[in-house]
Amino acid sequence: MISVTLRSETDYSEWRAAARRLLQHGVPPEQTDWRGPREMTSFLDDLQKPWGSLSDTNTNTVVPRAFPELAERVLCHTDPERFAKLYRILFRLQSDPLFLNDSPHDDILWLHECDHAIRRDRHKMHAFVRFKKVGEGRFKREQFAAWFEPTHYITRLTAPFFTRRFPNMDWVIITPHCSARWNGQILTFDAGGKKSDVPTDDALEEHWKTYFQSIFNPARLKVGAMLSEMPKKYWKNMPETALIPDLVASAKVRQNTMETHGVTAPNPLASRLRSNQYPPPQIPDTFEDLSEISDVLTLCKNCDLYKSASQPVMGEGPDMSRLLIVGEQPGDKEDIVGRPFVGPAGQLLNDCLKQAGLIRSEIYLTNAVKHFKFVPKRTARIHSTPGSVEIKACNMWLQKEIALVKPEVIIALGATAAQAILGKAVTLEKIRGCPLPTKYGPTIFVTYHPSYMLRLPNTNQAMEIQKTFIEDLCQAALYQKPEK
Ligand code: URA
């Protein structure tokens, strides 16, 4: 038995160096005993003694491109077996390079579950770290500190996100296992700390609460969805959560007041001034999470639709949905509310999803084009189909959403969505309802758009199409990988 004791819980290069050595000696996983630093006894003895007698059998390590990234994330999981299990997978990859695609295998299921847990934990850290102002340093740089309790050992992996988001302030994020410190130039890591290391009072807290209160939209309140996005275990370190019970209790009354006041259209002059005032934004190549995409999308001027629409409409749904549905573009109601599929087509889609046994809140819903294209007619705004120029200009947003959500199945509703997903104009009837596998990506299904059913004058035909549409949804859902 070869015993490997690692110095770090999460250092991928240390684990990789040990795993490579084991592979070079052809040591099978069942003859290894991996330990993390918690169980550390005598590191050097363990690592060196038993290896000396082994001769090299294999010097080429085979690693599929996806493995290092996955392994680096999964090493941050708290599963004490992770070092050994990752080595078992790596060992198997030497003789079976496609092993990572063997999704029903227990080790691969474990790998993806851990990866999912890490991505979720990082997402929560991005969203729920709350900095408190602790003072000012040299050159009057503001200094902030935050206490956060992640589920896994993700601090090192996640801290670089905050250097990009808050480059101009000094900050420290303290967690039980590790603390990360940024001074505007260098990010350093140190031992973990305690909640009491971060002061409880904060001059900015009242401003933050006022801001939270003002952006809390009672018309969009869904307590279940809110609790699933913002689990209670994070509440104790987030000052605004103290306001939530009152905001929920008063939501109905506030919503009624808003409804009686009606919708206020944006002032066209203000939009024109705003759009002339700023140059087109620099759009980063990669985004850490969907909220970052949403922030930058508000500045999009990739085509002219931003000039007349009220706002871009970002997709919505869990950030790791297995099913992603793409529509055409926001309609009149979506443009005003700022959410996809909330108008009549959205109502019909909701009904059909229910009949297909699917739950909307588990699906990521988005559109091929993010701004509403319309022609004004008296007081109404009449839908106008987006053209290839707009579909192409908007495609980067859709691709970025897909890259982050990583769905197993994509359903394209109608020809515009199909064109955006497949990269070429297609005849819907020719490809409708058939799985279109992509080599490494999700399976794609193309089906009708709910608006098409709403427009059909013949009720019988509309019912027939709706039946087929629901069957298409059911069939597409079958292509999701089975849950363990
Ligand atoms: N139609 C779409 O394609 N998308 C929406 O969000 C609403 C209607």
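Numbering of ligands and ligand atoms starts at 1, following listing order. The analysis underlying the following values was restricted to heavy atoms, covering all of them including side chains, and did not include hydrogens, waters or symmetry mates. Note that the structure is predicted; figures quoted are calculated from it, not measured.
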Please write down residue, atom name and distance for the protein heavy atom closest to atom 4 (N) of ligand 1.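 The answer is Asn367 OD1, 2.6 Å.
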Suppose we measure from atom 7 (C) of ligand 1 to each protein heavy atom; which comes out shortest, and what is that distance? Glu334 OE2, 3.1 Å
May I ask you to list the atoms of ligand 1 that are less than 4.0 angstrom from any heavy atom of [X]?
X      : answer
Pro340 : 6 (O)
Gly327 : 3 (O)
His449 : 1 (N), 2 (C), 3 (O)

Establish, yes or no, whether a centroid distance under 6.0 Å links the rings of Phe166 and Phe144. no
Test of ring centre spacing under 6.0 Å for Phe128 and Tyr234: yes
Just distances here: any N/O of Phe341 and N/O of ligand 1 closer than 3.5 Å? yes
Tell me the closest heavy-atom pair linking Asn367 and Leu398, and the distance in Å. O-CD1, 4.2 Å
Is there a donor-acceptor pair closer than 3.5 Å between any side-chain N or O of Gln311 and the backbone N or O of Asp335?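 A pair under 3.5 Å: yes.
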Mark yes or no for whether Arg130, through its side chain, and Met238, through its backbone, hold a donor-acceptor pair below 3.5 Å.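 Not a single qualifying donor-acceptor pair exists.
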Counting heavy atoms only, which of Glu328, Gln329, Lys370 comes nearest to atom 5 (C) of ligand 1?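 Considering heavy atoms of Glu328, Gln329, Lys370, the nearest to atom 5 (C) of ligand 1 sits in Gln329.
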Lys/Arg N to Asp/Glu carboxylate O, Arg165 vs Asp295, below 4.0 Å: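 So Arg165 pairs with Asp295 through a salt bridge.
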